[in-house]
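Okay, handing you the structure first.
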Amino acid sequence: MSERMSVIQGDITKVAVDVIVNAANSSLLGGGGVDGAIHRAAGPALLAACKRIVQQQGECAPGHAVITEAGNIPVKAIIHTVGPVWHGGDGDEAELLEQTYRNCLDLAAANGYRTIAFPAISTGAYGYPKALAARIAVDVVYKYIGIRPLPEEVVFVCFDDENARIYQQYLDLL
Ligand code: AR6
């Protein structure tokens, strides 16, 4: 199963997959970090698509995910999800982060997508400790693909050296 998971270091807007995941905020109107990079690369069509979703169904709560077109990014779709803000770990952060990954995988599978790329959700502005978040990401994906055919391949795209090293360590243990 682990051959269906990999880590690369770089910019998620440049990865050749069917669908990329955006670590958004509840407004879905863009922001900094990976969200800013995705909106800049995708162009105004993405913001318009996000606004339509918010008009139709309201803001996106933490743990939930929605899917849009990809604008100028050469992938088939973008899944926007909202990870938990780290508040010290005594709340429901871990459960919410698990739910975040699972909902993205469900959306990708429901749309028939074979390959998906995730950023390290919540580990930037939202402050989730990188090792704890990576462990959850790897565990949830490993369990998910172990019992389902789609997505066939999951790529973890790490922007920074530390996340890349941590993810590689966890993947090597599988
Ligand atoms: N490709 C891949 N990963 C990236 C990229 C990129 N181009 N740019 C940054 N990262 P963050 P969060 C990494 O802060 O913690 C936004 O303002 C980054 O190094 O983007 O979930 C949203 O609008 C880090 O490891 O997302 C929300 O308000 C990871 O992506 C808030 O930040 C996540 O960092 C969400 O916070």
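As the structure lists them, so they are numbered: ligands from 1, and atoms in each ligand from 1.
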Original post:
With a cut-off of 4.0 Å, which atoms of ligand 1 are near a heavy atom of Gly31?
Top reply: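 Selected atoms, number and element: 17 (O), 23 (O).
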Subject >> Modelled atom types, side-chain donor and acceptor of Tyr170 and Asp139, under 3.5 Å >> reply: no
Original post:
What do you reckon, does Phe159 have a nitrogen or oxygen under 3.5 Å from a nitrogen or oxygen of ligand 1?
Top reply: no
**OP:** May I have all residue pairs that pass salt bridge (Lys or Arg N to Asp or Glu O under 4.0 Å) and include part of residues 76-91, sequence neighbours excluded?
**Re:** Asp18-Lys76
Original post:
Can you check whether Val34 has an N/O within less than 3.5 Å of an N/O in ligand 1?
Top reply: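 For ligand 1, there is an N or O atom that lies under 3.5 Å from one belonging to Val34.
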Original post:
Should we count CZ of Arg114 as having more than 12 external heavy atoms under 6.0 Å?
Top reply: no
Original post:
Is the closest heavy atom of Gly10 to ligand 1 under 4.0 Å?
Top reply: yes
Subject >> Under 3.5 Å: N/O of Ala23 near N/O of ligand 1 >> reply: no
**OP:** Please identify which atoms of ligand 1 are closer than 4.0 Å to at least one heavy atom of Asp160.
**Re:** 19 (O), 25 (O)
**OP:** Can you see which heavy atom on Val17 is nearest to which on Val75, and at what distance?
**Re:** O-CG1, 3.3 Å
Subject >> Distance-only side-chain donor-acceptor flag, Thr81 / His64, under 3.5 Å >> reply: no
Original post:
Against heavy atoms of Thr123, which atoms of ligand 1 measure under 4.0 Å?
Top reply: 15 (O), 24 (C), 25 (O), 29 (C)
Original post:
Are there more than 12 heavy atoms of other residues, nucleotides or ligands under 6.0 Å from atom CD of Glu69?
Top reply: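 Yes, the 6.0 Å shell around CD holds more than 12 heavy atoms from other groups.
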**OP:** Please state whether Ser122 comes within less than 4.0 angstrom of ligand 1, counting heavy atoms only.
**Re:** yes
Original post:
Quick one: which of Gly30, Gly32, Gly33, Ala24 has a heavy atom closest to atom 16 (C) of ligand 1?
Top reply: Gly32
Original post:
Which ligand 1 atoms are under 4.0 Å away from a heavy-atom of Asp35?
Top reply: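 Matching atoms, with element in brackets: 22 (C), 23 (O).
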**OP:** Tell me which protein heavy atom sits closest to atom 7 (N) of ligand 1, plus the residue, atom name and distance to 0.1 Å.
**Re:**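 Checking every protein heavy atom, the shortest distance to atom 7 (N) of ligand 1 gives Asp11 OD1, 2.9 Å.
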Original post:
Do any heavy atoms of Thr13 fall under 4.0 Å from ligand 1?
Top reply: no
Original post:
Heavy-atom distance to atom 36 (O) of ligand 1: which of Phe118, Trp86, Tyr126 wins?
Top reply: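 It is Tyr126 that holds the nearest heavy atom.
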**OP:** Using distance alone, determine whether Gly124 and ligand 1 share an N or O pair under 3.5 Å.
**Re:** yes
Subject >> Which of the ligand 1 atoms, numbered from 1, are nearer than 4.0 Å to a heavy atom of Asn163 >> reply: 25 (O)
Original post:
If you measure every N/O of Ala37 against every N/O of ligand 1, is any gap under 3.5 Å?
Top reply: no
Original post:
What pairs meet the salt bridge (Lys or Arg N to Asp or Glu O under 4.0 Å) rule with one or both residues in residues 162-174, with sequence neighbours excluded?
Top reply: Lys130-Glu162
